[in-house]
Asks: 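Structure provided below as structure tokens; questions to follow.
Model, not experiment: these values are computed from the prediction.
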Amino acid sequence: MKKQLLFLACMLFIVSTNAQSVNEKTKIKEFGCIWGFLKYHHPVLSAGKKDIDAEFLNYFQQLENINDRKELNTFYLNWIRSYGNVDNKIKKPNAKYNFDKNLNIDWIENSAFNPEIKKTLLALRANVKNFKGHYAKLETLTRFVSFNEEKTLAGFSPENKAHRLLTLFRFWNVINYYDVNKYVAQKDWNAVLDDSLNEFLTANDAKSYDKAKTKLISTLNDAHTYYIGKAYGLPKLNYKSPFQTKYMNDTLVITKLWNTKLCQKNGLTLGGMITQIEGKTVKEYLKTNFGTFFSHSHENALMYRTERFALYQENSDHINVSYTAPNTVQSTAKTIQLYEKMDVDKTIQSIAKQPYHEQKFYEITPKIGYINVGYLNKKDLNKILKKSTRYEAVIFDFRKYPKYVDMAKLTKWLYPKRSKYIKVLFPTKVPGLGEYNAEAPLSFVSDPFSGGRKNKNYYKGKVILLVDKSTISQGEYIAMAIQNSPNCITIGEQTMGAVMNITSIPMPEGQEINFTSMGAFYPDGTSVQRKGLKIDYKVTQIASQPERDMMMEKALELLE
């Protein structure tokens, strides 16, 4: 009897090892990772000799009926070998490609692939001559990475599972291999794939598909990544408030009245403060309701993105808040009426601005000049800098996005000698590797990462920089150049943390997704992506006194 039981146990073990079942999620994840790897590493596919999307759809259809591990590994190996033999020699990347924090090939070793599959994939990776760059081109003159060869899928339907998964794996693999800022995202990119796969597998209609895609894109934590889906998103927030709000210290302050009569009907006035929405603090409410809508680098950035429509609703014409009237401290519960349609007053009432806020240049005092970069045009800077030389201090305001600033003229005025003000992390033609502190293309003609020249007549007064949560991209870039001057002090709050250029990824259904294509660092190596600019004095506005400019007040206090 014991011998029979032992024989039966052995047979069950042999059967179980030879017929290991694989669940759907595991095999789809493996399939998508292999497809993306071959797309960028295989000499045939990375050269664009096959329609990469057609390959995905064809082999995915074959994958559907395979549930046995041994059979699945055979399928993978035959698929890889179907593109022909590859050069297995080891040809290492250029030594300049020195940034490997984004390298992600652990999934090969940690998978249930058989040794032959692992050996084949790692051999493909070992020789950089295999990487042809058709689907991820590095532009020679800019070093931007371009994905212009990605195509729209004819007849795309979110109801088609293969089409939805093509979207997921196109986006996931682009970011996996070519987003140099992936390493600073809040969530591990492999974990993002696990979570997103669950969403995309069940998102079998337009609205749920768009929701899954929006949540996926938000995981980049990149302030340049602004996406609103057609079927699911903010345009569906039909009911709007008759006023505009601004986020200050976990409070929404009413800063504009679009329709005065409707606001009066609601018992609302300029400067009124909303401290809770539907029983939650403002920050909690915004994070809960909009946190997966927006790819935000940090909480401050999310508050800025959502402050304008925080009270908008999709299906309800009212919202419950805690409201505090101006010049009072008592908060009261209030139901605010929202409107699908409303007239906008010809003269919109708004919180009074300081006289200098909309000026290119303003004399704050006989010793202090003010420059608002958001209003400068191409011909303004020379004239304004020449005028500013006589002041003991100059305040640069970056709380409005700059239209045009001539960096060569600005840094020549600020710097005593030529100086590097930013280090940049570039993508490279080797998937997953970056080049840190690289020279700019055509740097022998013009170097955008350095400024100034030997100049004994540079500006020697105090330089004050004002920044806030709206300061982003080119604004942060120019601000970094000013911060590199000898006498600069930065005042304000955390900026967006998205400094460098934007790259677009065309998606199968025809939309495009942006992300920051390069990394930005201070000369001392401090990263700016997601973190924002260095701040010497952190100052925020006071919700109960929205007419005051607290950052300017701090600047004048320091200068006194």
Side-chain angles (χ1 to χ4, degrees), residues 36 39-41 46 91-105 125 128-150 171 173-185 189 220-225 297 407 419-451 472-474 476-478 480-481 484 496-505 513-533:
K39 177 179 181 178
Y40 297 122
H41 294 82
S46 67
K91 179 68 176 176
K92 294 182 178 179
N94 192 313
K96 294 190 300 181
Y97 300 167
N98 53 11
F99 194 90
D100 63 0
K101 288 184 179 181
N102 292 306
L103 192 59
N104 176 20
I105 54 173
R125 170 76 198 180
V128 295
K129 287 188 175 180
N130 290 325
F131 318 153
K132 304 303 180 184
H134 176 77
Y135 291 104
K137 291 182 179 177
L138 211 62
E139 304 291 348
T140 305
L141 297 181
T142 61
R143 299 195 65 174
F144 299 169
V145 61
S146 165
F147 304 99
N148 291 337
E149 294 300 326
E150 298 286 9
F171 180 79
N173 280 290
V174 166
I175 299 301
N176 190 47
Y177 294 113
Y178 291 101
D179 181 0
V180 296
N181 295 305
K182 181 185 73 175
Y183 75 103
V184 299
W189 201 234
L220 285 188
N221 299 127
D222 186 341
H224 272 147
T225 305
S297 45
M407 295 293 283
S419 179
K420 189 167 191 172
Y421 54 82
I422 189 170
K423 290 182 179 179
V424 175
L425 172 62
F426 284 101
T428 71
K429 62 183 179 182
V430 177
L433 292 184
E435 185 178 352
Y436 172 66
N437 195 22
E439 292 296 320
L442 303 178
S443 58
F444 60 93
V445 177
S446 175
D447 181 2
F449 307 145
S450 299
I472 186 175
S473 197
Q474 187 181 2
E476 290 177 297
Y477 183 88
I478 300 168
M480 289 177 74
N484 194 52
M496 283 284 195
V499 180
M500 300 304 293
N501 300 74
I502 299 174
T503 290
S504 295
I505 310 169
I513 310 301
N514 296 333
F515 71 97
T516 307
S517 59
M518 298 177 185
F521 301 78
Y522 282 100
D524 66 3
T526 302
S527 174
V528 183
Q529 187 70 18
R530 282 202 70 196
K531 296 178 182 178
L533 299 176

Asks: Please report the shortest heavy-atom distance between Phe147 and Ala136, naming the atom on each side.
Replies: CE2-CB, 3.8 Å

Asks: Using a 3.5 Å distance criterion without hydrogens, assess whether the side chain of Thr516 forms a donor-acceptor pair with backbone atoms of Met500.
Replies: no

Asks: Looking only at non-hydrogen atoms, find the nearest pair between Leu220 and Ala185 and report the distance.
Replies: O-CB, 4.0 Å

Asks: Would the distance check show the side chain of Asn437 and the main-chain N or O of Val424 forming a donor-acceptor pair, the cut-off being under 3.5 Å?
Replies: no

Asks: For the rings on Tyr477 and Tyr421, is their centre-to-centre separation under 6.0 Å?
Replies: yes

Asks: At their closest point, which heavy atom of Ile478 faces which heavy atom of Met407, and how far apart are they?
Replies: CG1-SD, 3.6 Å

Asks: Quick check for you: to the nearest 0.5 Å, what is the distance between Tyr178 atom OH and Tyr135 atom OH?
Replies: 12.5 Å

Asks: Compute whether any side-chain donor of one residue and acceptor of the other, for Asn484 and Ser419, lie under 3.5 angstrom apart.
Replies: yes

Asks: What's the spacing between Leu433 CG and Lys101 NZ if we round to 0.5 Å?
Replies: 14.0 Å

Asks: As an exercise, state the distance from OG1 of Thr503 to CG of Asn148, rounded to the nearest 0.5 Å.
Replies: 9.5 Å

Asks: Does Lys420 have more than 12 heavy atoms from other residues, nucleotides or ligands lying within 6.0 Å of its NZ?
Replies: yes

Asks: Might you point out which heavy atoms bring Lys137 and Gly133 nearest each other, and give the distance in Å?
Replies: CG-O, 3.1 Å

Asks: Side-chain contact, heavy-atom cut-off 4.5 Å: His224 with Ser473?
Replies: yes

Asks: Given 3.5 Å as the limit, does a donor-acceptor pair link the side chain of Ser46 with the main chain of Asn130, or not?
Replies: yes

Asks: Tell me if the NZ atom of Lys423 is crowded by more than 12 foreign heavy atoms within 6.0 Å.
Replies: yes

Asks: Charged N to carboxylate O below 4.0 Å: is that the case for Lys39 and Glu150?
Replies: yes

Asks: State, with a plain yes or no, whether a side-chain heavy atom of Phe144 is found less than 4.5 Å away from one of Met518.
Replies: yes

Asks: When you measure from the side chain of Ser504 to the backbone N and O of Ile513, does any donor-acceptor pair fall under 3.5 Å?
Replies: no

Asks: With no hydrogens and no angle check, is any side-chain donor or acceptor of Lys91 less than 3.5 Å from a backbone partner on Val128?
Replies: no

Asks: Using a 4.5 Å cut-off on heavy atoms from C-beta on, say whether the side chain of Val174 contacts that of Asp179.
Replies: no

Asks: State the CZ-CD distance between Arg143 and Glu439, to the nearest 0.5 angstrom.
Replies: 9.5 Å

Asks: Looking at Ser297, is its backbone amide N or carbonyl O close enough to the side chain of Arg530 to form a donor-acceptor pair, meaning the two atoms are under 3.5 Å apart?
Replies: yes

Asks: Starting at CG of Asp222, measure out to CD1 of Ile175 and round the result to the nearest 0.5 Å.
Replies: 8.0 Å

Asks: Using only atom types and a distance under 3.5 Å, with no angle test, would you say the side chain of Asn104 pairs donor to acceptor with the backbone of Gly432?
Replies: no

Asks: Between Asn102 (side chain) and Tyr183 (backbone), is there a donor-acceptor pair under 3.5 Å?
Replies: yes

Asks: Could you check whether the rings of Phe131 and His41 sit parallel, tilted or perpendicular, using 30° and 60° as the cut-offs?
Replies: perpendicular

Asks: Short question: side chain of Glu476, backbone of Gly532 - any donor-acceptor pair under 3.5 Å?
Replies: no

Asks: So do the side chains of Asn94 and Thr428 get within less than 4.5 Å of each other, counting heavy atoms only?
Replies: no

Asks: If you take all heavy atoms of Pro427 and Ser517, which pair is closest and at what distance?
Replies: CD-O, 3.5 Å

Asks: Could you tell me how the ring of Phe449 sits relative to the ring of Phe426: parallel (under 30°), tilted (30 to 60°) or perpendicular (over 60°)?
Replies: tilted

Asks: Side chains of Asn173 and Tyr40: closer than 4.5 Å at any heavy-atom pair?
Replies: yes

Asks: State the CG-OG distance between Leu425 and Ser527, to the nearest 0.5 angstrom.
Replies: 9.0 Å

